[in-house]
J.: 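Take this structure first; my questions come after.
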2 protein chains.
Amino acid sequence: MQERMDQIKKQLHTENFKLTPQREATLRVLLENEEAHLSAEEIFMLVKQKASDIGLATVYRTLDLLCDLKIIEKLNFGDGVARYEFRSEDHPHHHHHLICLKCGSLFEIEDLLDDLEERVERDHKFKIVDHRVSFLGYCFSCLAKEGN
Amino acid sequence: MQERMDQIKKQLHTENFKLTPQREATLRVLLENEEAHLSAEEIFMLVKQKASDIGLATVYRTLDLLCDLKIIEKLNFGDGVARYEFRSEDHPHHHHHLICLKCGSLFEIEDLLDDLEERVERDHKFKIVDHRVSFLGYCFSCLAKEGN
DNA sequence: CTACATGCAAATTGTTTGCAGTGTT
DNA sequence: AACACTGCAAACAATTTGCATGTAG
């Protein structure tokens with residue numbers, strides 16, 4: 001985790017961005033909650049809890065910057081807030097989300113679309129560079145509760 | 001097209017909703033642009049162009065109503081506006097979108113996920129009721145232009 | 001030092017809501 | 001007459017921006 005942090009610091013440096021305490025704190029929160037799909041507001045509050053003072057606008061600006069640098073990715077689950085996800089190398093960016101319509105929990109599953117993409121590219125003469133996939137439904141524990 | 005219109009009118013009636021000129025005009029715009037994935041604002045302007053007076057809030061309320069009635073579907077392409085799509089019977093609601101990152105054009109392709117969904121349900125104990133899929137990339141004509 | 005970054009508050013954007021007035025049944 | 005429906009404007013929530021000040025390099 002620290003190595004990842006250092007690597008990003010170096011990347012910021014190389015591209016002539018300053019490494020401010022706010023940026024570092026934001027990155028740290030992101031790294032410590034890699035699985036959480038935090039929103040800007042949530043990141044903002046987590047950074048503030050760590051005593052680090054920061055403004056919401058700065059969080060947004062930092063997240064934009066990290067998106068530009070391809071360090072994180074902006075996600076949209078249709079709930080009205082943008083969420084952000086780390087692009088770690090073991091986790092390149094192709095995986096899918098299962099969203100429970102009952103309890104709102106979110107699961108990640110492996111990518112299943114590779115061969116499908118090939119077919120789409122061939123059939124529709126369309127060069128695919130990314131995809132966004134969410135499955136909506138009911139998770140195991142909600143099914144168990146409801147018997148539904 | 002008129003038959004579809006009449007059918008919807010009847011449905012509204014059956015469910016005790018009034019068929020106001022505003023609702024009719026909104027529906028007509030939706031029907032006349034079935035392929036367009038219009039936003040609320042776009043629908044609003046198209047209705048006004050047809051001389052029919054309407055308020056933006058009414059458009060939103062009508063779209064909400066039509067969503068509740070499963071006549072249309074609210075879509076999210078991550079561009080910050082909700083878009084709406086007709087649910088015609090030949091077009092039930094499971095299909096995917098190809099979004100060109102260059103020119104922004106949008107293509108629809110057939111559903112390809114049925115067997116994949118079965119696998120996900122089995123492997124993850126998750127009851128899928130819907131999915132949202134978009135492929136991002138470059139369309140044929142942009143590829144041709146750029147040579148990219 | 002000096003350009004880039006920040007904080008704050010005001011501005012924007014998309015959407016929702018309250019309410020008084022209107023129109024269908 | 002009752003009640004759903006409308007328009008308008010105000011309210012909202014998420015995000016962006018302008019600007020005076022602060023600070024990393």
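This is a predicted model, so every value here is computed, not measured. Throughout, protein chains are lettered first and strands after them, A, B, ... in sequence-line order, and every chain is numbered starting at 1.
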J.: For B:K125, check salt bridge (Lys or Arg N to Asp or Glu O under 4.0 Å) against everything at least two apart and list the hits.
T.: none

J.: Sub-3.5 Å donor-acceptor pair from the side chain of B:E42 to the main-chain atoms of B:S39, do we have one?
T.: yes

J.: Rounded to whole angstroms, how far apart are CG on A:L38 and P on D:dA14?
T.: 15 Å

J.: Take atom CG of A:D68 and atom P of C:dA5, then tell me their distance rounded to the nearest Å.
T.: 12 Å

J.: Just distance, no hydrogens or angles: give the donor-acceptor pairs under 3.5 Å from side chains in residues 44-57 of chain A, sequence neighbours left out.
T.:
| unit_1 | atom_1 | unit_2 | atom_2 | d |
| --- | --- | --- | --- | --- |
| A:K50 | NZ | A:E32 | OE1 | 2.9 |
| A:K50 | NZ | A:E32 | OE2 | 3.2 |
| A:S52 | OG | A:K50 | O | 3.2 |

J.: Do A:H37 and A:H97 have side chains that approach each other closer than 4.5 Å (heavy atoms only, starting at C-beta)?
T.: yes

J.: CD of A:E15: more than 12 outside heavy atoms within 6.0 angstrom?
T.: yes

J.: Starting at NZ of B:K48 and ending at P of D:dT6, how long is that distance when rounded to a whole Å?
T.: 15 Å

J.: What N/O pairs connect the protein and nucleotides 19-25 of chain D at under 3.5 Å? Give each pair on its own line.
T.:
| unit_1 | atom_1 | unit_2 | atom_2 | d |
| --- | --- | --- | --- | --- |
| D:dG25 | OP1 | A:L19 | N | 3.4 |

J.: How many Å lie between CZ on A:F44 and P on D:dA13, as a whole number?
T.: 16 Å

J.: Within the distance-only criterion (no hydrogens, no angle test), does the side chain of B:R23 pair as donor or acceptor with the backbone N or O of B:K18 below 3.5 angstrom?
T.: yes

J.: Could you tell me whether a side-chain N or O of B:E24 sits under 3.5 Å from a main-chain N or O of B:L19, the two making a donor and an acceptor?
T.: no

J.: If you look only at pairs with a residue in residues 55-72 of chain A, which of them pass as a side chain to side chain donor-acceptor pair (under 3.5 Å), with sequence neighbours excluded?
T.: none

J.: Enumerate the protein-to-nucleotides 11-16 of chain C contacts in which both atoms are nitrogen or oxygen and the separation is below 3.5 Å.
T.:
| unit_1 | atom_1 | unit_2 | atom_2 | d |
| --- | --- | --- | --- | --- |
| C:dT15 | OP1 | B:A82 | N | 2.8 |
| C:dT15 | OP2 | B:Y60 | OH | 2.5 |
| C:dT15 | O5' | B:Y60 | OH | 3.2 |

J.: What does the inter-axis angle of the helix from C:dT12-D:dA14 to C:dT25-D:dA1 come out as, five pairs per end, nearest 10 degrees?
T.: 20°

J.: Report yes if at least one side-chain N or O of B:T58 is closer than 4.0 Å to OP1 or OP2 of D:dT6; otherwise report no.
T.: no

J.: Answer yes or no: is there a side-chain heavy-atom contact under 4.5 Å between B:V81 and B:R83?
T.: yes

J.: If you count heavy atoms of other groups shown closer than 6.0 angstrom to CD of A:Q2, is the number above 12?
T.: yes

J.: Categorize B:N16 for me: base, sugar-phosphate, or nothing, with a 4.0 angstrom heavy-atom threshold over every strand shown.
T.: nothing

J.: Whole angstroms only, please: what is the CD-C1' distance between B:E24 and D:dT6?
T.: 16 Å

J.: Any sub-3.5 Å donor-acceptor pair from A:Q11's side-chain atoms to A:L69's backbone N or O?
T.: yes

